Protein chains: 4
Amino acid sequence: MYFGSDNSSPAHPSILNALIAANDGYTSGYGNEEAMNNVTKKLRDLFEAPNASVYLVTTGTAANSLALATLTKPWETIFCHRHSHIEEDECGAPEFYTNGAKLTLVDGKNAKICPKNLLDAINLYSQKEVHNIQNGSLSITNVTEFGTIYSLDEMKTLTDIAKAHNLKTHLDGARFANAMIALDCTPAELTWKSGIDVVSFGATKNGCLGVEAVVFFNPEMAWEFELRRKRGGHLLSKHRMLSAQMQGYLKDDLWIDLARKANSECQKLFQKLKKIQISK
Amino acid sequence: MYFGSDNSSPAHPSILNALIAANDGYTSGYGNEEAMNNVTKKLRDLFEAPNASVYLVTTGTAANSLALATLTKPWETIFCHRHSHIEEDECGAPEFYTNGAKLTLVDGKNAKICPKNLLDAINLYSQKEVHNIQNGSLSITNVTEFGTIYSLDEMKTLTDIAKAHNLKTHLDGARFANAMIALDCTPAELTWKSGIDVVSFGATKNGCLGVEAVVFFNPEMAWEFELRRKRGGHLLSKHRMLSAQMQGYLKDDLWIDLARKANSECQKLFQKLKKIQISK
Amino acid sequence: MYFGSDNSSPAHPSILNALIAANDGYTSGYGNEEAMNNVTKKLRDLFEAPNASVYLVTTGTAANSLALATLTKPWETIFCHRHSHIEEDECGAPEFYTNGAKLTLVDGKNAKICPKNLLDAINLYSQKEVHNIQNGSLSITNVTEFGTIYSLDEMKTLTDIAKAHNLKTHLDGARFANAMIALDCTPAELTWKSGIDVVSFGATKNGCLGVEAVVFFNPEMAWEFELRRKRGGHLLSKHRMLSAQMQGYLKDDLWIDLARKANSECQKLFQKLKKIQISK
Amino acid sequence: MYFGSDNSSPAHPSILNALIAANDGYTSGYGNEEAMNNVTKKLRDLFEAPNASVYLVTTGTAANSLALATLTKPWETIFCHRHSHIEEDECGAPEFYTNGAKLTLVDGKNAKICPKNLLDAINLYSQKEVHNIQNGSLSITNVTEFGTIYSLDEMKTLTDIAKAHNLKTHLDGARFANAMIALDCTPAELTWKSGIDVVSFGATKNGCLGVEAVVFFNPEMAWEFELRRKRGGHLLSKHRMLSAQMQGYLKDDLWIDLARKANSECQKLFQKLKKIQISK
C-alpha cells in the first residue's frame, strides 16, 4: 500500500465551509477561542484521554520537531528509521528545535524499524558515559514513508524496548487516519495503548488546508510545548484558522470517511497493478 | 493614533473568497503554485523592486525571526526599541532563530528609537573586540507598538546611521498598510528608499486570516532564508492557503482600502476622546 | 577598591610546582584522577557543603556560561547587571550555551544591582504569559566588574527577591577570594548562606594559570552540567592540568594569602590616590 | 598499528619546562603574547603556509567542533566515518557548535571512509532541494580511531570528491604527528597538499598537558573562528598556558621525536603480538 503526497490536492469543501462558519464575529485568539475548546474536547474523547493536552500547528515538520524537542534534550538522541520524514524531509528541523540532538538511524525493511536493530542501537549508547550522546526518544512513523503499516503488536514491541530504556516515544501520524483504518483500531489503540507518549496527528494530507494536532498524553510536558511553539513562531493569533479546520475535519467522522475512501482507492489501484504484473 | 490588536476580528470576506477560489483542482505546493507566482509579481510591482525575493509565512513572529536570523549572525546584536514586538511579545523567537544573538534595547519616546541613543549603543560595541558581541542589524517597527509613526525622514536618519556602521536593516511592518496610508507614501518609499533591506509585510492584522510576506530587496540572502523557513517548519505544503490569502489581500487595492478605513476610524475615535477630555 | 585584570601577570610559583608534582606517573583522566578527588573534598569542606558537586574548567566564561545554561531554560531570562562580565565580555557565551536565553540588564550604582530595579524587572515578565520570555535566574558578580563589593546583607536581599520568584541564583566569583577577604566572611556565607545555588569560583585572576571551579550546592543539577561541559569541549582528558592547579591554589591557604595581599596593596594604592586628591 | 589513549600518561618534562620558562614576568594575554607569535610563525613555516591562521584550544573536542562550525552551516551535513571521534566521543559537540548540523555517517573498513560510500552519501543529498539538509563538509581522521592510516593518495581521493561537490574539508589530527611519521611525509603534504582546508593539530596525546592547534589554510575564515572560540569560552586569558606548551612541543623537533618513539614502540608491540599469534 502506498499513500502518495496529497500536497497538490485541494482541501475538502467541508473544511472550507468550517473556515467560513468560524469567520463570523469576534472571538479570542491564540487558541483561547471556542472552536479550540471544542477541538480539545473532541480529541480527548476520540483518544479516550481526558487529561491530554492538545495543540495545533500548520505543518507536519513543526508538529514533529516541536514534539521531539519537548521529549529530547540537546545531548540526547532520537532513534528513528533511516527513511523517516524527520530524517529525510525536514531540512534538519528536529536538530534545530532540539538544539542539536542527534538522529540515530535504525534500519529495517519497508521503512519499518527492526526491533533487534533498535535494541542494538540503544545498547551502543547505553554502554558509554559522558563522552557519548545520551538515549532520549523513539520516533515511529505509521503509516511509514513507504506506505507500509506497523501492526499494533509491532508498535508495542518497539515502545516496550523504548520504555525499558527510559526513552520517550513519539508517533509521526502524518497519515494517522489511514493507519487507523487499515488497522481497524481506535485512536487510543494506535497511540497510548501502544506505548506512545506524544502523537503528531496529521490532517493536512487527509483533506485539510494546513493543520496538524499535537497530542500529549502526559500533560506535564504541555507548558514547555506551549513556550516552544510560541518561540518557534507557530502560535497563530487568529488561531481559529487552525481550530476551525480541525473542527470541520473531526465533525461527523469526515476524517474517517476521507481516510477510508483514500485507503480503498489505494487498494483498488494496488490490485490493478498486481493484475498487470501477473498478466505480464 | 493607536492601532489595537485585530486578532479577535474575523477576516475580510474577500480573503475567504480567495481561499475558496484557490481551492479548485490540483496545483503544485510549497510555494511553486501559480498563486504564489502572482503574489511575487504583484509585490515586486508594488515595491518597484523587480529582483526582490518574496516569501510567505503564517505569523509575524516567524516573519520577523526568520528575517532577522538571515541578517544577523549568532555573535551579533540586533538593535531595536525596548518596546518592540521582537523584544516583548515573541518569547525569545529572535534569539532562538539566530542561535543566541543579543537584542540591544534602545530607548526613545513613544516607542520610537532615538537616533542619538542608537548611535551611542552602536559605538559601545564598536569600541571593543573579540570579547563583546558584534554589531549586526537594526530592526525598526512602523507603525510602532504604541501606534506612533516614524516619518520617512526619521526612518532614513536611523538607517543612515545603520548603514554607516555596516548594519543590515529590517522593518517590522505588522501594520505596514496603516503606516503607508498615514504617511501617504509608496511601498518603496517606506522600505528600500528609506534604507530597509528586508520587510515583514503584515497582512493578518489588516484583514487576513494568517499570512505575512517577507520581502528581501537583496536577492543574495534568499536561498538562506528558504532553508531557514523550511528548517523552522514554516514552509506549507498546501502553500496556496497562504498565497491565496495574499492574492485576495492585494487584489483591487483591498489592503489599502482596509487600512484607510482603519486609520480613519481610529482618527475619529481619537477626535472624540479629545473632545471628551476638553469638555471635562 | 578596584581589582584590575591579572591576565598579564604570571602564575604563582606554587601553582607551577603543583603542576610539576602532578605530572608524575600514570593516572586516570577526565576528572577521575586522585588530585580531583582531593579538590572536591577540599572545596566541600571549605564550603561546608558535603553534597556539593565540584567541576573544573579553564576559563571564567566557560564556568559562567555552563553554570547559567544549567540553571536557565532557552525561553527564560537571566537577570544581571548592565556592567557584568556575562553581558559585556563573553561575546554572547551565555546566549550560546543557553540556546538563546535573554539577559535582562538591571541597573544600579557602582555595578551593583539595585533591589528595586530587580523587582521591577522581574515583575515586568511575571505579568505576562506565553508571549514573553520567562523568569529564569539571577546572576550576581562579587567583587563586581567595577571593583565594588556587595555586603552579605545586600546579596541576601537580592537572592531573597529571586527565591520569592522561583529564580535560580548564580554567583560570578571570578574574584571570589578578594570578596571573601574584604567581607571577612566564610566561603559558605558568601554563597549558599547568602542564597546562592551555584558559584563560579575563580582562581585564574588570583594566581593560577587557568582554572575555575563551578560548585553546585544542589547535586541534582550535576549530571546535566557534566554533559554540557563535555559537549562544550571543556572536559580535559589530562584533567590533572586543572586539578593540580586547584590543589596548589587551595593548599596551605595560598588562595587566601594571595587575595589578602592583593586587597591590601589595592587598599594602599587607594589611600595614596585619596591623599593625592585631598592635597590638591 | 594501534595508538591507544595517552590521557593517563604524564606530559613530557620539556613541556613543563616550557611552561615554567613562560611564567616569567608580565605579558599580554588572550593570544597576543610573544609566545603565541612564535607558535604562529613556527607552524606557518612547518606547514609551508605563510598566510595560515593559527589558534590554540585546550581539547580536541573544542578544536574539532569549532573548526567544523566555521566550515558548516546549521542546515548542512558533515560527512564522517561512523567510527570517528566527532560522532562517538564528543557528546554531540559538533551538533552543538554548528547549531544542529547533521553528521552523515559513512562506512568503510578499518575506520577509513570508503570513497564510493562517500560519493553515494553526497549524491543522496545533492538530488534533493529545500526539504533535505545540504552538503557542507567532510571530516577525515588520520590516524583513525582504529589506529589505521590513510595514505596521502587515499586522502586526496576523498578530498577530490569533496571539492567536486563544494564541500569544505577538515582533518582531525589528534594524532597528527603519528600519521606524519608513519607516512614519512611533510605537514603540508598531510594537509593542504592533500586538499585539507582546516586541521586540528593535536598535541595533547603526544606529550603535552592540554593543547591543540587549529590551522586554517584559508585566512578568510579566521575572524569567525575567533568569535566562535571566545563565545565557546575557549579563549584563555593567560593564554601563555597554551602557547608555551606548543612552543615546547615544536622546539627542537620534540613533537617528531615523541611520535617516532611512540610509533616505533607500537610497531615492536605489534611484531611481538604477531609472533605470539604465529607460534600458537
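Treat the numbers as computed from the prediction; the structure is a model and nothing was measured. A note on names: the letters A, B, ... follow the listed sequences, proteins ahead of strands, and every chain is numbered from 1. The figures that follow rest on heavy atoms only: side chains count, while hydrogens, waters and symmetry mates do not.
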Fill in: For D:Thr169 against D:Gly195, the heavy-atom pair lying closest together
OG1-O, 2.6 Å
Worksheet item: Taking the six-membered ring for Trp, are A:His234 and A:Tyr97 parallel (under 30°), tilted (30 to 60°) or perpendicular (over 60°)?
Response: tilted
Discussion item. With a 4.5 angstrom heavy-atom cut-off, is it the side chain or the backbone of A:Glu87 that approaches chain D, or both, or neither?
Written reply: both
Item to complete: With a 4.5 Å cut-off on heavy-atom pairs, point out which of D:Pro94, D:Gly100, D:Cys91, D:Ala101 contacts chain A the most.
Response: D:Cys91
For residues 59-67 of chain A, dump all side-chain donor-acceptor pairs below 3.5 Å to protein atoms at least two apart in sequence or in another chain.
residue, atom, partner, partner atom, Å
A:Thr59, OG1, A:Ala62, N, 3.0
A:Thr59, OG1, B:Gly233, O, 2.7
A:Asn64, OD1, A:His170, NE2, 3.4
A:Asn64, OD1, A:Ser200, OG, 2.8
A:Asn64, ND2, A:Gly60, O, 3.4
A:Asn64, ND2, A:Glu90, OE2, 3.1
A:Asn64, ND2, A:Asp172, OD2, 3.0
A:Ser65, OG, A:Thr61, O, 2.9

Worksheet item: Would you call D:Phe201 and D:Thr191 a side-chain contact if the rule is heavy atoms closer than 4.5 Å?
Response: no
Practice prompt. Please look at A:Leu103 and chain D and tell me whether the side chain, the backbone, both or neither of the residue comes under 4.5 angstrom of a heavy atom of that chain.
Written response: side chain
